[in-house]
Structure formats: structure tokens, C-alpha cells
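Remember, it's 1-based here, ligands and their atoms both numbered in the order they're listed.
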Amino acid sequence: MFRSPLPGDSCQFLETVHAMRFHLNRRWAWVSKSCLLLGLVMLAFVILERSVSTFHGSVDDTRTTRTSERQFSDREETAEDLAQPVYKRSSPDPNLPGEWGKAAHLQLTEEEKKRVEDSIEKYAINIYLSDRISLHRHIKDNRMHECGTKTFNYRKLPTTSVVIAFYNEAWSTLLRTIHSVLETSPAVLLKEIILVDDYSDKVYLKNQLEVYISPLERVRLIRTNKREGLVRARLIGATFATGEVLTFLDCHCECVSGWLEPLLERIGENETAIVCPVIDTIDWNSFEYYMQTGEPMIGGFDWRLTFQWHSVPERERQRRKSRIDPIRSPTMAGGLFAVSKRYFEYLGTYDMGMEVWGGENLELSFRVWQCGGTLEIHPCSHVGHVFPKKAPYARPNFIQNTARAAEVWMDEYKEHFYKRNPPARKENYGDISERKLLRERLKCKNFDWYLKNIFSDLHVPEDRPGWHGAIRSMGISSECLDYNSPDHNPVGAQLSLFGCHGQGGNQFFEYTSDKEIRFNSVTELCAEVPEHQTHVGMKYCPKDKASIPRNILWEFKDDGTIYHHHSGLCLSSYRTSDGRPDVQMKACDATDKNQLWKFER
Ligand SMILES: *[C@@H]1O[C@H](CO)[C@@H](O)[C@H](O)[C@H]1NC(C)=O
Ligand SMILES: [Mn+2]
């Protein structure tokens, strides 16, 4: 085991693999001279300075020289030979649990069931089951059939380094990720896997991990010596990368054969493309691999700046020549993407002022689009990800990170975010002058351009003064209108009352000049009174400029009542028989305080 092989450095982290396996190339030497990430921010600045001055359009000259450095043993090798992974999997055994990505079911004793529960409690993933599934299981290739017949010019594709940062990850999910990359990535394309241990405290991630990976080809382990958070941990990993492309993966993934080539091909075509795989779901409980076999969803966000998936707009479908062409996506989910190392540096890598995780994906998404690149999802590149039962550790920095993204990239549109997230206004988001300078230097377009050209499907709130925010009941004056949008069916609940909390979120409504009452978390929802009912439901709002159905029209009258045109009734607060405050539609009576409402200003 090795400390950093560089003499006299005082770097922040340990290198723990056989460094001999790696060439100390020029980049390495340069990086080491800058004394690695001692002053992380300073280094970012240096990289930036350097890359800004060298990034000019044509990539081809550097690409050809680097590609020719690669050793192809025999010019006659076929594409099939060149596609050989670093390690070949043994034949599938359908009797093994989880083989082919099927759900694994075990006959368990009571004692074992308890251990299942314990592991779920601890990791929010059924690690007891994961431990019993082969680290080398096969995943059935159900991608669009065109993906299987697509050919690649392996000699021309750029090489990649796969960077995987982790913190206290379970053994089997981490190791399955590593083996999966080694067994699905062509050896001629994968320079190395760089594992970054972000100061985990689990004992098995210390010596046991080092011993395990030490005989594995092309696997390096780097450890931070304090908790850096996902963003900085990844960047630390990236500084060690020798491949032309950085491919970031999460630490509980399984790659589907053929996942890597489409990403690298696209970046080889246009270095300014950031390309994401389709992220398939691996069930946290059964480890079943659910492959999205049709057109993948693309990334967006709502005005709280939480990431949301949505379907591909018709315009984008028409722009593409085939259904396996890359799909432009307004945002990325975070975690899984490939980017040219040179372009990533030019673009200002990540915002190092961001802590732990949350928000960094939107920041990078806005940045790449506004600064002249593209963000795409390739339908032929599939990577499975275990979405845990719940977030395994908190995202205390989400608001702070997101405020940084909003301040740097969103111009006046940041107000829509702050209105829906009042606590974000009080957030100390730190110094953003470097990032603003970056935006100037790269001559990036504004957010208005981004909304009109890249995410024109997103409804932009009007937020007319006095007509948005919480709506307080005058009858039960501690209470505000509240909508608790169910996770998997945004329209599956009713409008109700809840103690006014002043935090936006579920209590943020907007009354539009079209007379709708909009709730715009997750997606655009409009209050309606279903036919012959007296409760208030939520339905998807009509698209901008489409005609507006009558049953979502409301009138905020001067007398304080909220009148529903179609039913002729007024919104009223009341208490249910068990004393819970709620709302219902009633015959209008402006002398009834329960029918009076006020937008909080
Ligand atoms: C690469 O993509 C960018 C952004 O879409 C575009 O402006 C540029 O012309 C493309 N370059 C090439 C070589 O196709
Ligand atoms: Mn994850």
C-alpha cells in the first residue's frame, strides 16, 4: 500500500493502490506540482485559467495523437475483439439469485428476516439480499433492438476514466458496481476506475477493500482525509484521471453491456456534449433490474428547483433522425454522466463552493447549456441504479447549493425559486464571485435564453404582486391552504388546510391572470371542483396557450371570497367531525368568515 508517490507533497488525501500500475504522465506531473487539492478552489481556478486559454474548437489534433498512443496489438483485430471487456464474465447461471436482473427471492428463517430488516434500516437498501447476489451477475439486454446492431469504430473512440465516489457504501453494492464496469467496458476504452473514498468510517472499507481491489486491473483507490462531499470528492478523483473522457458513476450501479460506447462515441463527435446514460431502476428490496425499454424520460425541474423527470417533447422527437439518436435534456439527474475531461475543465468543472450534495446537477445543467454545450441522454447507454428506500443521509446543503446555482445562472428568474423557498433567502451561500466571473469569461447566455430554447415546456409563473404565496383562512386563522402531492400520483390528493408555516412548499399557490389557482411543485397543477362534488381536487393544468377548461376558473372577489365559476360555489373552511380543519365548496355567503381568504404578503 502506498501513500501518494510524489515526493514532498502535503496533499490532503491518501493514494492506496499500487501506483506502479500507472504511468506518471505529464498531466499527473503537472497536477502533482500544483500540490493537488491543497487549496481546492485555487486549483480549480488554475485548471480553469489553463483550459480557458487552450480550449478552442477543434479537438481533432489532440485526439488523433492520443489515440495513436494507444496500443492496438494487431491492426487486423475485429470490432468484436476490440469490444472485449477488461474482465470476461463466466457463463450465466440461471439458478443463482438475481441472475439476468431478475428479482431475487430467498427462503428465509425468522432470524434471517430480522437481518434483512436490520440491513434496510441501516442502508435503506436490502443489503442482506445484495450480499447473496453474485457480484458478477448478468443483466438481460432489453434495450431497443437497434442498439444491439449498432457498430462502433473502436480505434477512434476516446478513452475514459470512470470516477466513483462513495461514502460508507455497503460492500456488495460497491463491489458489484466495480465488477460491473470492468466486465462491461471494452478494455481498449477503459483507462481506469478511480474510486474516491470520501472519508468513510466503515471498517470493511479500509484494509479489506484495499486487499480486495489490489489484484484488480485498472482499479485505483483514493481517500480523502476529511469529509469533502460528493462534489469535491469527484473532482479529486478527476484530477487523477488519465482518460480523455471522465465518466462519473454512483457507487451502487450496474452497467448494461454496451453502455459505454454510445457515450464515448457522442463525445468523440462533439466534445461539448455532456452525455448521460438512461438510468434504470434497481429495486432496493428485490434487486430486480427494471430496464426502460422504450423512449427514456428526460430531466427537468420545478420552481422549487427540485429535479423532475418528464417525457420527450414532440419538437425534440422530430429533430432526431432515429429513436436511438441522443436526446437533448434540459437537466441531468446527477450522478451518472460522461464528459470530455478537457471540456469539463474549460466549463469550470463543478462549483467547489457546494457542500456534500444536492443542487450540483442543476448547476452543471444550466451551465453547460448556457455556455454553449449540450446535455443529452443516449437511449442505448443503460446503467442501473439502486434508488434507496429513502435518502441514506440527509441533504442539508440542498438549499444552500441550489441558492448558489440560482444566484449565478438564473438572473431575475431566481425570484420564482426564492418565493417558493423562503428559507433560501436567508441562506448564506458563500462567495460566488468566481462563478460569476466564469460566466462572464465563457460568454454564457442568460437564463431567459435557456428557458425559451432549451426548456420551453416549462411554465414560467407570473407571480403577480399580491397574488401568490400562502392563502390564509380568515375563519380558522391559524390555517392555510395546503396541498400534499402524493409521490407517484401528483393529482391523487385533495386541497386541504394545514397550520400556516411560511415556508412556501405545499402552501405556495399562485392566482394567475387566466384565473387559475396553480400549485407548481413537481408539476403544474390547477385547483378544480370535480363535477357534482364539494371537495377541491387538483388536475394537470392545460399547456400554455391551450384553452382553459371552465372548472379550473376561480374568482378572488373584493369581499374576500373565492368563487368557483362552474359550480357557482365558494371555497369554505370548516372542521371535520373529529375537529380537523379542512375545506369544502359551499353556497356563497360573504358574511361567513369561513368563506374569507387572504394571500399572505
Ligand atoms: C458541437 O455542439 C455545439 C453545441 O450544440 C455546436 O454549436 C457545435 O457546432 C458542434 N460542433 C460540431 C463539430 O459539430
Ligand atoms: Mn445513488
Rounded to 10°, the NE2/H252 to the Mn ion (ligand 2) to OD2/D250 angle comes out at 100°

The closest protein heavy-atom partner of atom 7 (O) of ligand 1 is G372 O, 4.7 Å

Atoms of ligand 1 under 4.0 Å from any heavy atom of T374, numbered from 1 in the order shown, are 4 (C), 5 (O)

Nearest non-hydrogen protein atom to atom 8 (C) of ligand 1, with distance, is N270 ND2, 3.7 Å

- Would you verify that at least one protein heavy atom lies under 4.0 Å from atom 11 (N) of ligand 1, or report that none does? yes

(Q) At less than 2.8 Å, would any N/O/S atom of C251, backbone or side chain, sit next to the Mn ion (ligand 2)? (A) no

Checklist entry - Any chance NZ of K206 has more than 12 other-residue heavy atoms, nucleotides or ligands included, within less than 6.0 Å? => result yes

Checklist entry - Does R323 come within less than 4.0 Å of E295, counting only side-chain N to carboxylate O? => result no

| Hey, is K226 close enough to E228 for a salt bridge, meaning N to O under 4.0 Å? | yes

Q) Taking atom NZ of K102 as the centre, does the number of heavy atoms from other residues, nucleotides or ligands within less than 6.0 Å exceed 12? A) no

Y167 six-ring centre to R227 NZ/CZ under 6.0 Å and within 45° of normal
yes

